[in-house]
Amino acid sequence: MQIETFRGDLLLDEEFDRLLHICRLRLGSEERSKIKAQVDEVIEYFDAIDAIKCDDLEESYHPIKIPERLREDAVKEFENVNGILKNARIYRFYVVGPKI
Amino acid sequence: MTSIDEFRSKAIPDGYYSDLTAELEKLNGQLNAFNGINRLLDSGYPFSVKDNICVKGVETTASSKILSGYVPPFSATVVDRMVEGGFGFLGKTNMDEFGFGTFGINSERIARNPFNSEYVAGGSSSGAAIATSLLRYHVAVSESTGGSISAPAAFCGVVGFTPTYGLLSRYGLIDYANSLDKIGIMARSASDIRYAFDVMRGQDDYDTTCVSTTPTSERKSRIVVITQLLDGCDKAVVSSFEKLLDRLRNSGYRIDYVDVDFITSAIQAYYIISMAESSTNLAKFTGFKYGYKLDRFIEPYNEFFTEARDVFGPEAKRRIILGTLVRSASVRNRYYSKALKVRTMLINKLKGLLKEAFILSPTMPILTPKVSEAKELSPVHAYAMDAMTIPPNICGFPHISFPYDYVGGMPLGAQIISDHFNDYAVMDFVSEWEKGFDYRFKYNLGAL
């Protein structure tokens, strides 16, 4: 089912709120109106690419061809594990995070 | 002789590095070039590192509060190679948060132009350009996604090189947009850039997108100017640029004007792709693993993550929202897929032109704006300022911005582009230019 995203050129309010939830962002009411208006303006600007005729072309995920180069499937010890852990709160060598 | 060879041939007086860093600290209070200066530096040719590139044991924040306190346990490959090559780490340079900006104003500490601090330094590698303009002996390791080397290099009057995508390892770079990010270099001459480039380049087992291709130096005697790009420039910029073209004509280059009517759609394609990629890259910053800690672990994870992400700046929030939107199933074909196809179209067209020629344009369409003027621009107007720098970035072509004129005491930059892997050719072009044009600098800290 196609979900309705826009009304005219404007992003629907409920769609904007859905995006905020997915992004794990919250905005105060003033910040919300300002950013919502800017987002609408940017989307209108993006719509200009609709006029470019290139549907028969392939998508370029990289600007150059990247040769497939896989590393050995072998464990390589990182020499500074403590350095990683120092960036988080640690309890008995576990990273402490929020409740799930 | 490069400045690096010249520096190494001289006797370095006692106290050189401590005097240098002390002077730099003072100026940094006015210009905000550095997020941190290494007061322990005591040897080597000074090099700075943009604050989105990891240096082991040194706080690395990408100028974002959400990374405040993050201390990487490893260095980026390019940093290791510079140190192994005898360079000395001078400090972390200021930038727009995560690279999101053209003017250096999307940082808590706004970057200021060294020619006149009322004016912008350009972004996002603002601090790298300021440092290069301040220091007699120095190279800056910086990074570009859509013009973050060229724009500040032009506004600060230094040489800024962005290599072919994939030539420099990105291991240790805090990603903005993976299919667009390129680590590059700023310096006061093309020969210094070439020296640092050769130190840093080469395959890296830690970055599978890093290629081992040897760059070429295929000189072109023809220069192409894309008319649609000039159409969007201020009259003062065009007038100076035409004088540059006259000088190049007199040096034997053939100048041809060419129409590429869809060239400005590169801006939309770039912002769609970069926002899509950045919105996924920023998803990992949730307030407990990378320095910044919310410390309210009692909260459920959704509320915790949402509260932690309050500290993103407004431009980061806009890009996360827009990037998430353009990847949504309902509009993916309309925006993201289309943008990737427009990129293919641009690569095909520009690659055709670059077979037989360089492409040259002003680096920026406007004269350097004041900080107050840049702050007034809407996001769309600010994005449109990247019209010249986006085409080579979205296509991964090597390019250099170099100073070619001074208007009202402020520098103007032009940007020369070549085909993939013909990186040495753009350096040679700028070296040739430097033989007949003296760059101006207001400061010469560390001169011997």
Side-chain angles (χ1 to χ4, degrees), chain A residues 2-6 11 15-16 19-27 31 34-35 38-39 41-64 66-71 78-89 95-100, chain B residues 69-71 73-74 164-166 179 205 208-209 211 262 265 268-269 271-272 279 286 288-291 293 297-302 304-306 309-310 312 314 317-318 320-322 324-326 328 330-331 334-335 337-345 347 378-380 383 394-396 420:
Chain A
Q2 182 80 8
I3 300 165
E4 194 184 5
T5 307
F6 298 101
L11 189 64
E15 176 65 5
F16 188 72
L19 284 171
L20 290 180
H21 176 69
I22 294 170
C23 302
R24 304 294 186 270
L25 289 175
R26 61 180 183 183
L27 304 174
E31 189 184 20
K34 189 177 172 186
I35 290 189
Q38 289 167 335
V39 164
E41 192 191 356
V42 174
I43 291 167
E44 194 184 345
Y45 184 62
F46 283 172
D47 281 335
I49 63 160
D50 202 33
I52 308 293
K53 305 288 176 223
C54 58
D55 289 343
D56 54 334
L57 293 176
E58 284 186 15
E59 298 169 346
S60 287
Y61 289 93
H62 287 279
I64 59 165
I66 303 286
E68 190 174 288
R69 188 163 56 86
L70 303 176
R71 62 178 168 77
F78 183 72
E79 83 283 5
N80 193 4
V81 175
N82 282 331
I84 297 175
L85 297 177
K86 272 184 187 166
N87 282 291
R89 181 178 289 181
V95 172
V96 179
K99 278 168 53 177
I100 295 178
Chain B
Y70 172 62
V71 179
F74 66 101
T164 299
Y165 176 85
S179 81
D205 287 342
T208 53
T209 61
V211 296
F262 62 94
S265 65
Q268 286 92 351
Y271 274 100
I272 290 168
S279 64
T286 48
F288 72 100
K289 278 189 293 188
Y290 299 100
K293 286 177 257 326
F297 293 116
I298 196 73
E299 286 185 21
Y301 70 92
N302 269 334
F304 179 93
F305 294 159
T306 305
R309 288 157 68 83
D310 279 347
F312 279 127
K317 288 177 183 171
R318 264 194 299 275
I320 292 170
I321 296 164
L322 280 157
T324 306
L325 169 69
V326 298
S328 301
S330 59
V331 295
R334 178 170 161 184
Y335 296 115
S337 296
K338 182 84 184 202
L340 294 173
K341 289 177 181 181
V342 170
R343 167 146 77 178
T344 307
M345 194 173 174
I347 292 172
S378 72
V380 165
Y383 301 163
I394 195 172
C395 298
H420 291 137

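A, B, ... follow the sequence lines: proteins, then strands. Residue 1 opens every chain. Keep in mind it's a predicted model, so treat the numbers as computed, not measured.
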### Task
Heavy atoms only: give me the nearest B:Arg343-A:Tyr61 pair and the separation to one decimal.
NH2-O, 3.2 Å
### Among the listed options B:Gly69, B:Gly396, B:Ser179, the residue most often paired with chain A at heavy-atom distances under 4.5 Å
B:Ser179
### Query
In terms of heavy-atom proximity below 4.5 Å to chain A, should B:Phe304 be classed as side chain, backbone, both, or neither?
side chain
### Query
Is there a donor-acceptor pair under 3.5 Å between the side chain of B:Arg318 and the backbone N or O of A:Val39?
no
### Task
Return the set of residues passing side-chain contact (heavy atoms from CB on, under 4.5 Å) with A:His21 (not counting sequence neighbours), or none when no residue passes.
A:Arg24
### Task
Tell me, for A:Leu85 versus chain B, whether the close heavy atoms (under 4.5 Å) come from the side chain, the backbone, both or neither.
neither
### Query
For A:Val96 and B:Phe297, which heavy atoms make the closest approach, and how far apart are they?
O-CE2, 3.5 Å
### Summary
Okay, A:Asp56 and chain B: the region with an atom under 4.5 Å from a heavy atom over there is neither
### Residues forming a side chain to side chain donor-acceptor pair (under 3.5 Å) with B:Lys293, sequence neighbours excluded
none
### Message
At a 4.5 Å cut-off on heavy atoms, which part of A:Ile84 comes close to chain B: side chain, backbone, both, or neither?
### Response
both
### Task
Please look at A:Glu68 and chain B and tell me whether the side chain, the backbone, both or neither of the residue comes under 4.5 angstrom of a heavy atom of that chain.
neither
### Message
Need one label for B:Ser265: side chain, backbone, both or neither, based on atoms under 4.5 Å from any heavy atom in chain A.
### Response
both
## Note on the structure
Note: vs chain A, highest number of non-hydrogen pairs under 4.5 angstrom among B:Phe312, B:Phe262, B:Tyr70 is B:Tyr70
### chain A interface, residue from B:Ile320, B:Leu322, B:Ile347 that has the most non-hydrogen pairs under 4.5 Å
B:Leu322
### Message
Tell me the closest heavy-atom pair linking A:Glu58 and B:Thr344, and the distance in Å.
### Response
O-OG1, 2.6 Å
### Query
Between CG of B:Leu340 and CG of A:Leu57, what distance do you get to the nearest 0.5 Å?
11.5 Å
### Query
In terms of heavy-atom pairs under 4.5 Å with chain B, which of A:Asn82, A:Asp50, A:Val81, A:Leu20 leads?
A:Asp50
### Query
Okay, side chain of B:Thr208, backbone of A:Arg69: is any donor-acceptor separation there less than 3.5 Å?
no
### Task
Select one option (side chain, backbone, both, neither) describing which atoms of B:Val211 are under 4.5 Å from chain A's heavy atoms.
side chain
### Query
Looking at B:Gly291, B:Ala269, B:Gly166, which has the largest count of heavy-atom pairs under 4.5 Å with chain A?
B:Gly291
### Task
Tell me, with the steps shown, if B:Val71 and A:Lys86 meet side chain to side chain contact (heavy atoms under 4.5 Å, CB included).
CA-CA 8 Å; B:Val71 179; A:Lys86 272 184 187 166; over 6 Å; no
### Task
Please state whether the side chain, the backbone, both or neither of B:Asp310 comes within less than 4.5 Å of a heavy atom of chain A.
side chain
### Message
Once rounded to the nearest 0.5 Å, what's the spacing between atom CG of A:Leu25 and atom OG1 of B:Thr324?
### Response
8.0 Å
### Message
Which atoms of B:Thr286 are under 4.5 Å from chain A, going by heavy atoms: the side chain, the backbone, both sets, or neither?
### Response
neither
### Query
Taking B:Lys338, B:Lys317, B:Lys289 one by one, which has the highest count of heavy-atom pairs under 4.5 Å against chain A?
B:Lys338
### Query
Parallel under 30°, tilted from 30 to 60°, perpendicular over 60°: which one fits the rings of A:Phe78 and B:Phe74?
perpendicular
### Query
Measuring from B:Ile321:CD1 to A:Phe16:CZ, what's the distance to the nearest 0.5 Å?
4.0 Å
### Side chain, backbone, both or neither of A:Arg71 within contact of chain B (heavy atoms, under 4.5 Å)
neither
### Task
Step by step, work out the side chain to side chain contact (heavy atoms under 4.5 Å, CB included) result for A:Tyr45 and B:Tyr271.
CA-CA 10 Å; A:Tyr45 184 62; B:Tyr271 274 100; 5.6 Å; no
### Query
For the residue pair A:Val42 and B:Pro379, what are the closest heavy atoms and their distance?
CG2-CB, 4.3 Å
### Message
Can you tell me which portion of A:Lys53 sits under 4.5 Å from chain B's heavy atoms? Options are side chain, backbone, both or neither.
### Response
backbone
#### Entry: Proximity breakdown for A:Val95 and chain B, heavy-atom pairs closer than 4.5 Å
side chain
### Query
When heavy-atom pairs shorter than 4.5 Å are enumerated against chain B, which of A:Ile66, A:Ile49, A:Asn80 gives the highest number?
A:Ile49
### Message
Heavy-atom pairs under 4.5 Å with chain B - which of A:Ala51, A:Pro67, A:Gly97 has more of them than the others?
### Response
A:Gly97
### Contacting moiety of A:Leu70, where chain B heavy atoms sit under 4.5 Å
neither
